[in-house]
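Single-structure report; data block below.
For reference, positions follow the sequence shown, starting with 1.
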Amino acid sequence: MGLETQMPQAAWKRAVWIGLAALVVVYHLGLIFSGLVPNLVSRPLHMAVILPWVFIFGATGRWQLISGAVLTVLGVGAAGWIALNHEMLGDQYGFLESDFQIGVAAVLLLCVIEAARRAIGWPLPLVAVIALAYALFGQHIPGEFGHAGTPIQSFLGTMTIAEGGLWGSLTATSVGVVSIFVIFGAVLNAGEAGQGFMNVAAAAAGRLKGGAAKVSVLSSALFGSISGSASANVASTGAITLPAMTKLGYPKKLAAGVEAVASSGGQIMPPLMGAGAFVMVELTGTPYTQIMGAAILPAILYFWAVWVGINAYATRYDLKGIAEEDRPAKRDVIITSLFFLVPFTVLMIGMFGLGYTPQYAACLAILAGVLLLLTNGSLSFDARQTGERVASALVNSAKQVAMIASIILCASIVIGVLAVTGLGVKITSLILSGSGGMLWPSLILTALACLVLGMEVPTTAAYVICVSVAGPALTQLGLEPLQAHLFVFWFALLSTITPPVCGAVFIAAGMIGENWVKVAGSAMALGVGLYIIPLGMVANPGLLELAEAPGRALFAFVRVGLGLALISYGLIGRAPLVMRLAAIIFGLIVVFAGVALSASG
């Protein structure tokens, strides 16, 4: 009797969550097709629909469930109240007029900080709390880093009923662009696209020397471009590539290092680049297509350096390719590849052929992906399988939208405080004075800040916070805005493979049962491009100009590629130490030959 009652109850709960997931998906897709919706309606409702997924769906105990339910009711109520009263609040010009409104503002900030804490841990919420404390009490700090003080009604109003805090441009990106592409990725992953990535990679690289590692690189580059998370990439593609590499005799530290490095690179690979590309569009005002054009050559160079490193390791350990009988049949490769090629083709035609916005083109690609859920790799229809895939796409969409939204909303608190208090300008001045007004010392300071912040904060949030304080300094010193943003974005990713906190390395090491320090050593050697290429973009600005000056871009691409190959060989190859050191030094000279010219420009 007990079992009979438990099963309907579990089915009922699952149906509720699928329904809530459908609400998240339909809401965000509906915004794209519905025309203009006031910002103080669309952005608070974005927060409202994701809160149950953070507070209730992710609850791990009774106390978390009870407190999560309370916070959900409070947060949804407060966000809904903002949306319902948006016209009245718009006339208040960011000034709260009653104790009730102050209470609503406090609830919103509390829910955002706690949602981020539950989604990603303490570091980013702690930064937000410190920022709020600075805004409220910074007038008591003596000297340059104090501020004049802001009335609490004005400060909290700016943060919660105007478009300068929680409902600012970052949240607009989360609502209108990031969420759409997250849904797109979830739809692709629910079907055969993931297997298609693996099959194409295995067919293309499986027979080569070190073939299993190269399959990992290709599949992770493809999958990572839509997943937006190095950790998710490791967990998904690593489940297939890690056993394949160990079966072929790869050292565990190398297999896990390859997977960690390849998975990290997915976030810098166009066309999607996770969430970062769309945040960059908003912060720089640069068209999405231009960002893709600037990002493609550096991303290829990153994977080129990994490829060269794998070749060196393959020679050292005599690593073979994948046996022919273990590679996918040609028919399977062709059929499964269509599951990602068709939606990607629709996306590209929509953006470049028909001139649609990226989010509108992505909606059309989502519809194509949903249609492909009706069939499988055998080109047969299974109603039960299709239902499971649709449910998986809905639930994973909602979970990922909720996680990214909680990060972006929390980061918006920090950005709002920097603007209201003028702290961002003061930190920019500190960077300029600390570097003596010179570009390269400023780049090093910025890189260190990105590395430290990125160790505890997700890549997108680390990028947003770092570029808000360091970006103006870099542009004042002569970098183009897009150049500065790509530099910061790449270095915000550095912590995925760099100790002491290297998430992709930890996950890969745990999956394969190897000491994470050994894995980190292999990952850093293979992923040397992550340390060199951002600086190479500054030394070779033509690298980012593929659309405007393709000849100059390709020349820079070849030169940096040669330098990276030499550096990678010097780090991993089996030549005498003197030759390897010479290769590294010569490689650095090749990459940074244009530094003097760049600095003087």
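At least one donor-acceptor pair under 3.5 Å links the side chain of Gln64 to the backbone N or O of Thr60. At least one donor-acceptor pair closer than 3.5 Å links the side chain of Gln483 to the backbone N or O of Met537. Remark: the backbone N or O of Ala83 is paired with a side-chain donor or acceptor of His86 at under 3.5 angstrom. In this structure, Ser154 contributes its side chain and Pro151 its backbone to no donor-acceptor pair below 3.5 Å.
Within a 6.0 Å sphere centred on CZ of Phe145, heavy atoms belonging to other residues, nucleotides or ligands number more than 12. Crowding of Glu480 atom CD: a count of heavy atoms from other residues, nucleotides or ligands under 6.0 Å not exceeding 12.
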With side-chain contact (heavy atoms from CB on, under 4.5 Å) as the criterion, how do Val261 and Tyr302 come out once you've worked through the C-alpha distance, each side chain's angles and the decisive distance to 0.1 Å? CA-CA 10 Å; Val261 170; Tyr302 173 81; 3.1 Å; yes
Going through the distances and angles, do Leu297 and Leu544 end up as a side-chain contact (heavy atoms from CB on, under 4.5 Å)? CA-CA 7 Å; Leu297 292 183; Leu544 307 181; over 6 Å; no
Assess whether side-chain contact (heavy atoms from CB on, under 4.5 Å) is satisfied between Leu136 and Thr150, documenting all intermediate values. CA-CA 7 Å; Leu136 294 173; Thr150 306; over 6 Å; no
Assess the residue pair Thr446 and Phe491 against the criterion (side-chain contact (heavy atoms from CB on, under 4.5 Å)); give the C-alpha distance rounded to whole Å, side-chain angles, the decisive distance to 0.1 Å, and a yes or no. CA-CA 9 Å; Thr446 303; Phe491 269 115; over 6 Å; no
Ring pair (Phe, Tyr, Trp, His ring centres under 6.0 Å) assessment of Tyr360 paired with Phe33: CA-CA 8 Å; Tyr360 191 88; Phe33 293 109; 5.4 Å; yes
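We find the CG-OG1 distance between Leu51 and Thr72 to be 6.0 Å, quoted to the nearest 0.5 Å. In this structure, CG on Leu486 lies 12.0 Å from CD1 on Ile533, to the nearest 0.5 angstrom. The line from CG of Leu89 to OG1 of Thr160 is 8.5 Å long, rounded to the nearest 0.5 Å. Atom-to-atom distance recorded for Leu482:CG and Ile291:CD1 is 5.5 Å, nearest 0.5 angstrom. Distance check, rounded to the nearest 0.5 Å: CG of Leu354 to CG of Leu364 gives 8.5 Å. Ile415 contributes atom CD1, which lies 10.5 Å from atom OG1 of Thr171 (distance to the nearest 0.5 angstrom).
Between Tyr288 and Phe181, the ring planes are tilted. Angles from 30° to 60° get that label. Taking the six-membered ring where the residue is Trp, His140 and Phe137 present parallel rings, their angle staying beneath 30° rather than reaching 60°.
Met403 places none of its side-chain heavy atoms less than 4.5 Å from the side chain of Val54. By the 4.5 Å heavy-atom criterion applied to side chains, Thr173 and Ile408 are not counted as neighbours. Looking at heavy atoms from C-beta onward, Phe95 lies out of side-chain contact with Ile161 at the 4.5 angstrom threshold. Using a 4.5 Å heavy-atom cutoff, the side chains of Leu543 and Leu301 are in contact. A heavy-atom distance below 4.5 Å is not found between the side chains of Leu84 and Trp81. Two residues are said to be in side-chain contact when any heavy atoms from C-beta on lie closer than 4.5 Å; Leu493 and Tyr463 fail this criterion. In this structure, Leu474 and Val488 have side chains that are in contact, with non-hydrogen atoms separated by less than 4.5 Å. Contact annotation: the side chain of Ile113 approaches that of Leu132 to within less than 4.5 Å [non-hydrogen atoms, C-beta and beyond].
Using a 3.5 Å distance cut-off with no hydrogens or angles, the side chains of Gln101 and Gln92 do pair a donor with an acceptor. There is a side-chain donor-acceptor pair under 3.5 Å between Ser67 and Arg118. A donor atom on one side chain and an acceptor atom on the other are not found under 3.5 Å apart for Tyr134 and His147. Side-chain contact of His46 with Ser174: a donor-acceptor pair under 3.5 Å is present, judged by distance alone.
Of all heavy-atom pairs between Leu124 and Ala411, the closest is CD2-N, 4.3 Å. Residues Pro481 and Thr475 approach most closely at CA-CG2, 3.9 Å, considering heavy atoms. Taking both residues in full, the closest heavy atoms of Val182 and Ser397 are given as CG1-O, 4.0 Å, listed atom of the first, atom of the second, then distance. Contact between Ala162 and Leu40 at its shortest, heavy atoms only, is O-CD2, 4.5 Å. What you find for Leu418 and Ser468 is that their closest heavy atoms are CD1-CB, 4.0 Å. In this structure, Val417 and Ala135 approach most closely via the heavy-atom pair CG1-CB, 4.0 Å.
The aromatic ring centres of Tyr531 and Trp490 sit 6.0 Å or more apart. Ring to ring, Phe184 and Phe344 are close: their centroids are under 6.0 angstrom apart.
Remark: Arg43 fails to qualify as a cation-pi partner of Trp167 under the 6.0 Å distance and 45° angle criteria applied to the six-membered ring.
Looking at residues two or more places apart in sequence or on another chain, you find a side chain to side chain donor-acceptor pair (under 3.5 Å) between Thr284 and Thr286. For the side chain to side chain contact (heavy atoms under 4.5 Å, CB included) test, no residue two or more places apart in sequence or in another chain qualifies with Leu36.
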